There are 2 protein chains.
Amino acid sequence: MSQRGRPRTFDSDAALRRAMLVFWEKGYEATSMADLTAAMQIGAPSLYAAFGNKADLFAAALKTYKAEIGLEIWNALSKAVTARQAFADFLQQTALAYAQPDTPRGCMIALGVLNGDTDAVSTCELLRHCRLENATLLRARLEEGVRDGEIAPTADCQKIADFYATVQHGMSITARDGATLASLQSTADAAMAAWDALTAPR
Amino acid sequence: MSQRGRPRTFDSDAALRRAMLVFWEKGYEATSMADLTAAMQIGAPSLYAAFGNKADLFAAALKTYKAEIGLEIWNALSKAVTARQAFADFLQQTALAYAQPDTPRGCMIALGVLNGDTDAVSTCELLRHCRLENATLLRARLEEGVRDGEIAPTADCQKIADFYATVQHGMSITARDGATLASLQSTADAAMAAWDALTAPR
DNA sequence: TGATTTATGTATCGAATGATACAGAAAGGA
DNA sequence: TCCTTTCTGTATCATTCGATACATAAATCA
């Protein structure tokens with residue numbers, strides 16, 4: 001049980017968090033191993049021994065991202081009592097997270113890598129899976145609202161979920177372009193203006 | 001006036017269009033000069049002589065993109081009589097363009113490059129400028145609607161423009177993830193469900 | 001025809017890429 | 001103390017990156 005050999009001289013979690021920030025800011029492909037070793041302040045062999053190759057490190061960094069940053073956004077979806085409030089909070093938390101002054105703007109999942117035909121195909125698929133998974137979470141909350149009688153049974157939950165997922169994706173780009181927190185909140189507010197029409201019986 | 005020297009053996013416009021497709025599909029950074037020379041079917045020296053460096057070629061390809069693909073989307077904004085119809089058409093044309101089976105999915109401007117701190121900073125700024133410019137076009141159409149009495153003078157045109165620009169940005173990512181034309185049209189439809197609330201007097 | 005100009009094809013440049021070989025250092029186990 | 005195990009630092013691997021040098025080919029001009 002006791003660990004043999006020379007112990008690590010760096011904090012693995014702290015190094016991973018730094019790697020996450022670099023990937024988040026520059027995207028997967030634009031981030032070089034030199035960028036990572038510099039930010040993590042470890043040598044290349046230590047990096048490969050601890051985290052595997054570049055794709056493995058990205059996957060680990062993504063897991064940290066989902067556990068630390070994404071959690072607040074998606075918790076909002078389940079905390080609120082009504083579906084409407086859940087989506088409003090979800091979008092507001094998104095605006096807040098995407099405009100944080102001490103982290104890269106926008107979402108690591110949305111901006112990590114978007115082109116699927118390079119050698120980063122597996123990483124691209126990983127992010128695509130995350131994005132589709134998020135849309136599924138939105139749809140599940142909507143269906144819960146239907147069961148609660150809050151949303152009309154005739155409402156197209158898939159359509160509504162896709163719409164709000166698309167808005168969130170767009171907010172990443174808008175945030176990366178320098179939009180203010182107020183502007184992002186305003187966009188979140190505008191998206192909620194469609195709620196009544198989308199969830200009413202037709 | 002008459003051109004001296006050995007004439008070109010390739011069609012410059014056709015080569016540029018092929019370069020545009022590669023950039024559009026893979027993004028700026030993920031596209032290598034080898035990819036471009038292969039697609040354009042010309043040697044590297046011919047490429048550099050005709051189009052300058054990689055950033056110059058991308059700028060030229062972007063210009064072609066805006067003139068050929070983007071035109072249909074943005075023409076919809078000015079053709080329609082009412083602002084509401086203009087935005088509805090704008091979104092529907094976006095859905096159509098982003099789901100074309102014979103071209104890369106999504107928008108070259110939205111997906112070209114999103115990370116700003118690499119050596120591609122000038123290209124990133126170029127695309128950012130295009131995106132902000134597009135939002136300005138949306139706002140101008142809204143203000144026209146205000147002057148026509150269609151939209152309440154109390155409406156926040158900047159907010160509404162940012163919202164629809166964000167939706168369009170998001171549609172690029174959703175389209176790249178494989179959304180069907182029907183799904184994109186459905187999202188466009190959902191975005192228009194917010195129109196009345198956004199443009200009504202408050 | 002000879003001179004000039006421009007484009008093409010081959011071959012390659014230095015730098016950066018992701019990833020390792022290797023030797024030495026620092027711990028536990030016997 | 002000696003052996004095994006694991007990690008660290010240097011130095012470097014082969015490959016790919018964007019970009020060119022150079023010689024040759026093909027056109028116009030005089």
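In what follows, chains carry the letters A, B, and so on, assigned in the order in which the sequence lines appear, proteins first and then strands, with residues in each chain numbered from 1. Note that the coordinates shown come from a computational prediction; the quantities given were computed from them, not determined experimentally.
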**Complete:** For B/Glu144, the salt bridge (charged side-chain N to carboxylate O under 4.0 Å, His left out) test, sequence neighbours excluded, returns B/Arg141
**Message:** Run the salt bridge (charged side-chain N to carboxylate O under 4.0 Å, His left out) test against B/Arg17 and tell me which residues pass, sequence neighbours left out.
**Reply:** B/Glu68
Taking only nitrogen or oxygen atoms into account, show me every contact under 3.5 Å that the protein makes with nucleotides 4-7 of chain C, one pair per line with its distance.
| from | atom 1 | to | atom 2 | distance (Å) |
| --- | --- | --- | --- | --- |
| C/dT6 | O2 | B/Arg6 | N | 3.1 |
| C/dA7 | O4' | B/Arg6 | O | 3.1 |

**Asked** Going by the side chain to side chain donor-acceptor pair (under 3.5 Å) test, which pairs reach into residues 77-91 of chain A, not counting sequence neighbours?
**Response** A/Arg84-A/Asp196, A/Gln85-A/Asp89
Calculate the interatomic distance between [X] atom [atom1] and [N] atom [atom2]; express it in whole Å.
X       : N      : atom1 : atom2 : result
B/Ile42 : C/dT10 : CD1   : P     : 14 Å
A/Asp11 : D/dC7  : CG    : P     : 15 Å
B/Gln41 : C/dG9  : CD    : P     : 11 Å
A/Leu47 : D/dC7  : CG    : P     : 13 Å
A/Phe51 : C/dG18 : CZ    : C1'   : 17 Å

**Request:** Output all residues satisfying side-chain contact (heavy atoms from CB on, under 4.5 Å) with A/Gln41, sequence neighbours left out; order by chain, then residue number.
**Result:** A/Arg18
**Message:** Just to verify, what does A/Thr180 make a side-chain contact (heavy atoms from CB on, under 4.5 Å) with, not counting sequence neighbours?
**Reply:** A/Ala182, A/Ser183
**Message:** Would you say CD of A/Glu72 has more than 12 non-hydrogen atoms from neighbouring residues, nucleotides or ligands within 6.0 angstrom?
**Reply:** no
**Item:** Bend angle of the helix from C/dT1-D/dA30 to C/dA30-D/dT1, end axes from five pairs each (to 10°)
**Value:** 10°
**Complete:** residues 52-72 of chain A vs ring pair (Phe, Tyr, Trp, His ring centres under 6.0 Å), sequence neighbours excluded, gives A/Phe23-A/Phe58, A/Trp24-A/Tyr65, A/Tyr28-A/Phe58
**Prompt:** How would you list all residue pairs meeting ring pair (Phe, Tyr, Trp, His ring centres under 6.0 Å) that involve residues 66-106 of chain B, not counting sequence neighbours?
**Reply:** B/Trp74-B/Phe90, B/Phe87-B/Tyr164, B/Phe87-B/Trp195
**Asked** Of all residues at least two apart in sequence or in a different chain, which pass the side-chain hydrogen bond (donor to acceptor under 3.5 Å, both in side chains) check with B/Lys66?
**Response** none
**Request:** Go along nucleotides 10-23 of chain D 5' to 3' and tag each nucleotide: B for a protein heavy atom under 4.0 Å from its base, S when only backbone or sugar atoms are that close, - otherwise.
**Result:** B------SSBBB--
Just list the side-chain donor-acceptor pairs under 3.5 Å for residues 102-110 of chain A, sequence neighbours left out, or say none.
| from | atom 1 | to | atom 2 | distance (Å) |
| --- | --- | --- | --- | --- |
| A/Arg105 | NE | A/Ala175 | O | 2.7 |
| A/Arg105 | NH2 | A/Ala179 | O | 2.1 |

**Message:** Please determine whether a side-chain nitrogen of the Lys or Arg among B/Arg147 and B/Glu143 lies less than 4.0 Å from a carboxylate oxygen of the Asp or Glu.
**Reply:** no
